[in-house]
Amino acid sequence: MAPTPFESATLNLRLFELRREAVLREARNWYFAEFNPDTFAEFAAIVSGPRNASFRMVLGYWDMAASLVSTGAIDAEAFRAAHGEIVSTFAKVQPFLAELRAASKESEFCKHLEAVVMAMPDAAATMARRREALGAANKARRDDGREY
């Protein structure tokens with residue numbers, strides 16, 4: 001049975017409220033401002049270091065949220081319309097996902113996150129645009145000495 005629009009809206013609003021929690025907000029800020037690996041070796045060094053908990057918190061939150069779509073609790077289109085950040089989150093980890101899954105022997109790591117984002121029309125092109133925009137924003141911040 002599909003969720004009603006009201007049920008989807010209610011869960012989407014609750015997910016938005018959870019994103020405002022201070023520790024998750026700080027982890028998301030770090031993820032978008034400072035988590036910028038170019039290689040899997042850099043990726044592995046970052047996520048196995050002091051910010052491991054932030055990495056796990058951000059991806060864990062979005063995979064959990066996406067699982068509500070995968071299991072039918074939230075309408076997929078309503079979810080993607082309300083939570084565009086999920087695309088940028090996945091775009092940053094997607095280039096390393098296969099290697100991460102192999103190295104960790106966790107073949108289903110972020111499977112809900114991946115499924116929800118990749119089900120979007122033109123998902124690959126959208127993620128490429130997001131990666132480019134994130135890279136430009138981070139470069140501008142570094143050049144200006146600004147923090148996220």
Please find the pair of heavy atoms, one from Ala82 and one from Arg19, that lie closest to each other, and give the distance.
O-NH1, 4.3 Å

Quick check on the hydrophobic clustering: are Tyr61 and Leu13 connected, directly or via other members, by side-chain heavy-atom contacts under 4.5 Å?
no

Give me the atom names and distance for the closest heavy-atom approach of Ala78 to Asp75.
N-OD2, 2.9 Å

Say whether Val23 and Phe16 are linked into one hydrophobic cluster, either directly or through other cluster members, by side-chain heavy-atom distances under 4.5 angstrom.
no

Any donor and acceptor pair, going by atom type alone, linking the side chain of Asp122 with main-chain N or O of Ala125 inside 3.5 Å?
no

Do Arg28 side-chain atoms and Val58 backbone N/O form a donor-acceptor pair below 3.5 Å?
no

CG on Leu18 to CG on Leu24, rounded to 0.5 Å
8.0 Å

Only residue of Leu68, Val116, Thr10 satisfying side chain to side chain contact (heavy atoms under 4.5 Å, CB included) with Ile74 is Leu68

Measure the CD-CG distance between Glu106 and Leu97 for me, rounded to the nearest 0.5 Å.
12.0 Å

Could Arg51 and Glu26 be called an ion pair, given the rule that one side-chain N must be under 4.0 Å from one carboxylate O?
yes

Distance from Glu34 atom CD to Arg142 atom CZ, nearest 0.5 Å?
11.0 Å

Taking NZ, NE, NH1 and NH2 as the nitrogens, is one of them in Arg129 or Glu132 under 4.0 Å from a carboxylate oxygen of the other?
no

Can you tell me how far apart OG (Ser104) and CD (Glu99) are? Round to the nearest 0.5 Å.
11.5 Å

Where do Glu77 and Arg80 land on the salt bridge (charged side-chain N to carboxylate O under 4.0 Å, His left out) test, with the steps shown first?
CA-CA 5 Å; Glu77 292 306 313; Arg80 284 190 289 267; 2.6 Å; yes

Can Ser107 and Arg101 be counted as having a side-chain donor-acceptor contact under 3.5 angstrom?
no

Heavy-atom check, side chain of Met127 versus side chain of Met120, under 4.5 Å:
no

Flag the pair Trp62 / Phe90 as yes when their ring centroid distance falls below 6.0 Å, and as no otherwise.
no

Show the numbers, then the answer: is there a salt bridge (charged side-chain N to carboxylate O under 4.0 Å, His left out) between Lys111 and Glu114?
CA-CA 5 Å; Lys111 78 173 192 173; Glu114 179 179 35; over 6 Å; no

Under the side chain to side chain contact (heavy atoms under 4.5 Å, CB included) criterion, do Met64 and His112 qualify, and how do the steps go?
CA-CA 7 Å; Met64 177 274 304; His112 300 287; over 6 Å; no

If every non-hydrogen atom of Arg130 is compared with every non-hydrogen atom of Gly84, which pair is closest and at what distance?
NH1-O, 2.9 Å

Specify the closest pair of heavy atoms between Pro95 and Ala91, including all atoms of both residues, with the distance to one decimal.
CD-O, 3.3 Å

Do Phe6 and Leu11 belong to the same hydrophobic cluster, where Ile, Leu, Val, Met, Phe, Trp and Tyr are linked whenever their side-chain heavy atoms lie under 4.5 Å apart, directly or via other members?
no

How about Pro37 and Phe96: do any of their side-chain heavy atoms sit closer than 4.5 Å?
yes

Look up atom CG in Asp63 and atom CZ in Arg56, then write down how far apart they are to the nearest 0.5 Å.
14.0 Å

From Thr89 atom OG1 to His83 atom NE2, the distance as rounded to the nearest 0.5 Å:
11.5 Å

Are any side-chain N or O atoms of Asn52 and backbone N or O atoms of Val47, one a donor and one an acceptor, separated by less than 3.5 Å?
yes

Is there a side chain to side chain contact (heavy atoms under 4.5 Å, CB included) between Ser8 and Phe79? Walk through the geometry before answering.
CA-CA 8 Å; Ser8 284; Phe79 178 86; over 6 Å; no

Heavy-atom neighbours of Glu17 CD exceed 12 at 6.0 Å
yes

Lys92 to Phe35, cation-pi by 6.0 Å centre distance and 45° axis angle
no

Look only at the side chain of Ser67 and the backbone of Ser70, and say whether a donor-acceptor pair between them is shorter than 3.5 Å.
no

For residues Val117 and Ile86, report the shortest heavy-atom separation together with the two atoms involved.
CG2-O, 3.9 Å

Close aromatic pair by centroid cut-off 6.0 Å: Phe55 and Phe43
yes

Nearest heavy-atom pair of Thr39 and Glu42: which atoms, and what distance?
OG1-N, 3.1 Å

Looking only at atom types and distance, does a side-chain atom of Asn138 sit under 3.5 Å from a main-chain N or O of Phe32, one as donor and one as acceptor?
yes

